[in-house]
2 protein chains.
Amino acid sequence: MDWGTNLWDQNDVIDKHTQAGLDLLERYIKFVKERTEIEQNYAKQLRNMTKKYSKRGSKEEQECKFSNHASFQEILNELGDYAGQRELIAENMTANISDKLTKYLQDLKQERKTYLSDVKKAQQNLESSFKHLESIKKRFAKEWAEADKATQQADKLESDSNNSKIDVDKAKNHALARMRTAEECRNSYAAELQKYNKEQNHFYYTEIPQIFNKLQDMDERRIRQMAEGYCQFSHIEKNVLPIISKCLEGIAAAGTKIDEKKDSKLLIEQYKSGFERPADVEFEDYSQGVKPSNSESGLNPLKGRKHKIFKKHKITQAEKHMVLFMFSMI
Amino acid sequence: MDWGTNLWDQNDVIDKHTQAGLDLLERYIKFVKERTEIEQNYAKQLRNMTKKYSKRGSKEEQECKFSNHASFQEILNELGDYAGQRELIAENMTANISDKLTKYLQDLKQERKTYLSDVKKAQQNLESSFKHLESIKKRFAKEWAEADKATQQADKLESDSNNSKIDVDKAKNHALARMRTAEECRNSYAAELQKYNKEQNHFYYTEIPQIFNKLQDMDERRIRQMAEGYCQFSHIEKNVLPIISKCLEGIAAAGTKIDEKKDSKLLIEQYKSGFERPADVEFEDYSQGVKPSNSESGLNPLKGRKHKIFKKHKITQAEKHMVLFMFSMI
């Protein structure tokens, strides 16, 4: 089923149809570019968000020893990788679809233009041959009419006996000469007609069908390229799905491995002072010669300190050895 | 390993640690909300794009008979479904993570506030008991000093033989009375001390450890909830992956089923005129009595038309039957 044979008289249809095909290709390229921008924007937003929440201050690093803090950081890392995969989708869509098809579209546009211009040239050639044939045909008609008229005049002179033989012979010779010229024109017209019909035959059976078949081939190549581009649109994303799945598994794993008991224990390990709880306050028996004292003085080196039930800061090892625990002053 | 026993003197550490825990929870909620917005925005952009490219004019419907046009529409439909899945991710993250954890955070904040206030109250009670004990101790010290002084004065009067027995007895009685009062203060101090030590014991061994253990339990509950929230962050997206995969398969299928030969054939079916190609132009032999004619007249009903090699419009069935093909006029 080829256009050359079946649509030989549908130049306009083929013109419009191949244009609509290129329009669709152009629309698809625009569509993929737009998708690429959306994907880039999406990846960028995800990446900015992961950076924003991955504050790496010394405080955060301290906290990251706790599994529930550490896992959040792991989730951010996984989401960063996830964003990287979305960027890869955008990059591959640009390289494997948009850029490729844009180049292809330019080539097809040029190719189509050439074919349509070939059709036009062939049309113009045939039209000009036809006009030439018409003019030769008209000349034959005119010459034949003149010859016919001259013959009739010669016959008329001959039938009138008043005319001299010389005049009759002169008219007869004139008519004969015209008839000879007319015969020549007839032969010339016949030859030109044969030539034209050969040309017309070539136009309808060879030249135009060949160009139309080239246009059909071009359109089918465009369709195959588009089909490939459609499939790529799916495959590029499908290719990153396993890695995206792994990122999601990494996030779930980060959630699963959180151990709240371990986190509670870690706090103890980091901050346990090791001090005994305060002993009972002793009886100060002034009746046995003990000098009156108040709680702000005595054996405790932390003299003058206010009564405090809890320390307000983490005690260092040095401090631990250096001071008597403040509770002993009570 | 419980905080109550091991971190009994680390109120400040526990205060800060549980606050950091709630801060992390709050940060995670903000993070999920931000991700949700990104996801919604992404879905919206995809949806708008599919709508923009799904122009449903009569021209597009006509073109959609061709497989390469139809498949593009299918891709747009699949991408619309895809966008729907991204919307679902956003919706489920809001419902199953953000909303849930926000409610939970409010409860935890209230609970923590209550515990820390309980600690403060217990501290204040113990401090005020201690102050009370101090004042009673001081009264005993003062009374004992007075009694001691009175006793010394009585002894001094007695050792001086110039003093009358009455004066000595008076001083002795006075000293005895003071000593009795001092003894009473001593007993009162002893009783108060016992009471205080019991209270202090309760504070350090029962009251504070219990509250700290409640804070530990609260913190561990928070961690478990967060771990669940981390896992949800992964599962919500993992749950839509099979449908997203199907959308991608649908896109690939739309690309694969494109048939360029069928599309070419369809154009023939739609536009084939069925006319024969023009026959040879016939010889008009004026020498055999044919009247001169030009191509703009003759048997063809399309009189006065310009010589055309291709039709410029699609011919209707009615036209097909009505007219003789214009080529016959050549």
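Please read all numbers here as calculations on a predicted model, not as lab measurements. Within every chain, numbering begins at 1; the chains are lettered A, B, ... in the order of the sequence lines, protein sequences first and strands thereafter.
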Going through the distances and angles, do A/Glu78 and B/Phe233 end up as a side chain to side chain contact (heavy atoms under 4.5 Å, CB included)? CA-CA 12 Å; A/Glu78 293 288 357; B/Phe233 189 74; over 6 Å; no
Verdict with reasoning, B/Glu220 to A/Ser264, per side chain to side chain contact (heavy atoms under 4.5 Å, CB included): CA-CA 7 Å; B/Glu220 289 175 4; A/Ser264 285; 2.5 Å; yes
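- For A/Ile268, the parts sitting under 4.5 Å from any heavy atom of chain B are the backbone and the side chain alike.
- With rounding to the nearest 0.5 angstrom, the CZ atom of A/Phe283 is 11.5 Å from the CG atom of B/Asn197.
- Considering OH of A/Tyr271 and CG of B/Leu7, their distance stands at 10.0 Å, rounded to 0.5 Å.
- In this structure, NE2 in B/His17 is found 8.0 Å from CG in A/Leu266, a value given to the nearest 0.5 Å.
- Residues B/Leu248 and A/Leu241 are in side-chain contact: their nearest non-hydrogen atoms beyond the backbone lie under 4.5 Å apart.
- Among A/Ala254, A/Gly250, A/Ala190, A/Gly229, the residue making the largest number of heavy-atom pairs under 4.5 Å with chain B is A/Ala190.
- Contact annotation for A/Ser245: both backbone and side-chain heavy atoms come within less than 4.5 Å of a heavy atom of chain B.
- Here B/Ile258 contributes atom CD1 and A/Arg224 contributes atom CZ; the two are 12.0 Å apart, rounded to the nearest 0.5 Å.
- Looking at heavy atoms from C-beta onward, A/Gln270 lies out of side-chain contact with B/Val13 at the 4.5 angstrom threshold.
- Residue A/Ile75 touches chain B through its side chain alone, counting heavy-atom pairs closer than 4.5 Å.
- At a threshold of 4.0 Å, the pair A/Lys238-B/Glu249 counts as salt-bridged, since one of the basic side-chain nitrogens sits closer than that to a carboxylate oxygen.
- Heavy atoms closer than 4.5 Å to chain B are found in the backbone of A/Asp2, but not in its side chain.
- Neither the backbone nor the side chain of B/Arg221 has a heavy atom closer than 4.5 Å to any heavy atom of chain A.
- Interface summary for chain B: among A/Asp15, A/Leu46, A/Asp148, the most heavy-atom pairs under 4.5 angstrom belong to A/Leu46.
- How far CZ of B/Phe275 is from CD of A/Gln10: 9.0 Å, rounded to the nearest 0.5 Å.
- Both the backbone and the side chain of A/Thr5 come within contact range of chain B, with heavy atoms under 4.5 Å apart.
- Contacts of A/Lys261 with chain B are made by both backbone and side-chain atoms, with heavy-atom separations under 4.5 Å.
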Quick one, B/Asn41 with A/Asn41, criterion side chain to side chain contact (heavy atoms under 4.5 Å, CB included). Give me CA distance, side-chain angles, the key distance, then yes/no. CA-CA 10 Å; B/Asn41 184 38; A/Asn41 184 38; 4.2 Å; yes
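- Contact annotation for A/Leu79: only side-chain heavy atoms (C-beta onward) come within less than 4.5 Å of a heavy atom of chain B.
- Here the closest non-hydrogen pair linking A/Leu193 and B/Glu282 is CD2-C, 3.8 Å.
- Each of B/Gln194, B/Met179, B/Glu39, B/Gln232 has some count of heavy-atom pairs under 4.5 Å with chain A, and the biggest count is that of B/Glu39.
- Only the side chain of B/Leu76 comes within contact range of chain A, with at least one heavy atom under 4.5 Å from a heavy atom of that chain.
- Interface residue A/Asn6: backbone and side-chain heavy atoms are both found under 4.5 Å from chain B.
- Heavy atoms closer than 4.5 Å to chain B are found in both the backbone and the side chain of A/Lys30.
- Counting heavy atoms from C-beta on, the side chains of B/Phe140 and A/Asp285 come closer than 4.5 Å.
- Counting only distance, with no hydrogens or angles, the side chain of B/Gln45 and the backbone of A/Ile38 share no donor-acceptor pair below 3.5 Å.
- Classified by interplanar angle (parallel below 30°, tilted 30° to 60°, perpendicular above 60°), the ring pair B/Tyr230/A/Phe72 is parallel.
- Top candidate by heavy-atom pairs under 4.5 Å with chain B, chosen from A/Lys131, A/His235, A/Lys257, A/Gln216, is A/Gln216.
- With a 4.5 Å cut-off on side-chain heavy atoms, B/Lys142 and A/Tyr286 do not count as touching.
- Side-chain N or O atoms of A/Gln200 include one that pairs as donor or acceptor with a backbone N or O of B/Ala279 at under 3.5 Å.
- Using a 4.5 Å heavy-atom threshold, the side chains of B/Glu284 and A/Tyr189 count as touching.
- Using a 4.5 Å heavy-atom cutoff, the side chains of A/Arg277 and B/Asp9 are not in contact.
- A distance-only check finds no donor-acceptor pair linking the side chain of B/Glu260 to the backbone of A/Ile223 [under 3.5 Å].
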Take A/Arg222 and B/Asn68 through the test side chain to side chain contact (heavy atoms under 4.5 Å, CB included) and record every step on the way to the result. CA-CA 10 Å; A/Arg222 171 194 63 80; B/Asn68 68 106; 3.0 Å; yes
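- Scanning all heavy atoms of the two residues, the minimum distance from B/Ser234 to A/Ile251 falls at CB-CG2, 3.7 Å.
- One distance of note links CD of A/Glu276 with CH2 of B/Trp8; it measures 8.5 Å at 0.5 Å rounding.
- Between A/Phe31 and B/Tyr53, the ring-plane angle classifies as perpendicular under the 30° and 60° cut-offs.
- Contacts of A/Phe66 with chain B are made by side-chain atoms alone, with heavy-atom separations under 4.5 Å and no backbone atom involved.
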